[in-house]
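Side chains included, hydrogens not; waters and symmetry mates left out as well; all remaining heavy atoms used.
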Amino acid sequence: MGLFILWLKWTPTRRQGGDVHAYTGDSTVVFGPGSETVRKERRINAVLTAVRGLLAYAVSVGEAPQWVLGQIYELGDTADLPLEAQGEDSRLHYRLGARHRLQEPETEVDRASDEELVSMFLSCRNARDRLIVLLLGRVGLRRGQAAGLHRSDSHLLPDSRALGCRHAGAHLHVVRRQNQNGAWSKSRKEWVQPIDFLVVQAFDQYFDERYELLGSGGSDFLLVNLFREPLGEPMPPDAINELYNELNRRAGLSRKVAPHMSRHAAGSNWADAGATLDEVQALLGQKHPESARPYLHPAAERLRNAVERVPSPRVR
């Protein structure tokens, strides 16, 4: 497995026969500083996970000897854990740990600045695209959550009790469900996301635009195709990536702003406006308070004010 990791890291692939990737033996393997790795740590770990699963299955059906598991996994049990970690259950439990795994570097996702989001918003050519920018950059949804919204998930009235909803104010219901367009909410639990008047106004303009182009037809999904076939069908999450790439180009931004950077902008803006960590956690649909911390990017002005609030030391 160690040699296989080296092979994955340094041996390139060659495209042969259309979309088929074949591994050839005539590629030169170059080790040492200055050479570019062919595959990064995350991809190599994904390949290793698949190989371990294949070997474990081979052992389970008798196609590989039992000792193979000891070569790919560190076998242990709860007896060697501290008493605090063993739990109240006194039974013996076995655990597996992968022997071969690369350390993946932690990459921090930067936030989109307000200037970048405004430039992208102004570069939109229709109400639907403006709503998408607001859903990600102001409401803080993931692209899969935005693409998975149904029209019935949006309650835009000040009081929605007539619709059978007990939540006050304009809000969205973010629900995890199997969607035909492949959209998927990462958060397992359903939560209610408040929205402000700016987002409600964007909804109104989008519904007018949608009715003008599609009438009362179209999918129950909120975001649908309005300008290309198949009309009225739900937008897939990848279409939001395409939209962001086009808005980056139109706005002439100096760097690429990805959809997830808009979500980071929403979390940071809430914190800069005085929201507490538990409030940011709830608005992002996070389960644990610490999960919201990577989304906090304090504004430079707020950091400077924190320094200047400290008085000068004085001798008493």
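Side chains of Ile195 and Leu134 form no contact here, defined as non-hydrogen atoms less than 4.5 Å apart. Counting heavy atoms from C-beta outward, Arg128 and Phe227 have side chains that approach closer than 4.5 Å. Under the 4.5 Å side-chain criterion, counting only non-hydrogen atoms from C-beta, Pro194 is in contact with Leu283.
Counting all heavy atoms, side chain and backbone alike, Asn248 lies closest to Arg255 at OD1-O, 3.3 Å. Leu141 and Leu136 make their closest contact through O-CG, 3.6 Å (heavy atoms, listed as atom of the first residue, atom of the second, distance). The nearest pair of heavy atoms linking Leu172 to Val139 is CD1-CG1, 4.2 Å.
Taking the six-membered ring for Trp and thresholds of 30 and 60 degrees, His260 and His264 have ring planes more than 60 degrees apart, a perpendicular arrangement. Using a 30° and 60° split on the angle between ring planes, His155 and His171 fall in the perpendicular class, above 60°.
Cation-pi check for Arg39 over Trp7 is met; the charged atom lies under 6.0 angstrom from the ring centroid and within 45 degrees of its normal.
Residues Tyr57 make up the rest of the hydrophobic cluster containing Val61, defined by ILVMFWY side-chain heavy atoms closer than 4.5 Å, directly or through other members.
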Validation: residues 235-242 side-chain donor-acceptor distances under 3.5 Å, sequence neighbours left out:
unit_1: Asp238; atom_1: OD1; unit_2: Arg143; atom_2: NH1; d: 3.2
unit_1: Asn241; atom_1: OD1; unit_2: Arg143; atom_2: NH1; d: 2.8
unit_1: Glu242; atom_1: OE1; unit_2: Arg228; atom_2: NH2; d: 3.4

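In this structure, the side chain of Asp153 engages the main chain of His150 through a donor-acceptor pair within 3.5 Å.
With 3.5 Å as the limit, one finds a donor-acceptor pair spanning the side chains of Ser185 and Gln145.
When the shell of 6.0 Å around CG of Leu3 is examined, it contains 12 or fewer heavy atoms from other residues, nucleotides or ligands.
Ion pairing between a basic and an acidic side chain is recognised when a charged N comes within 4.0 Å of a carboxylate O; Asp129 and Arg250 show no such pairing.
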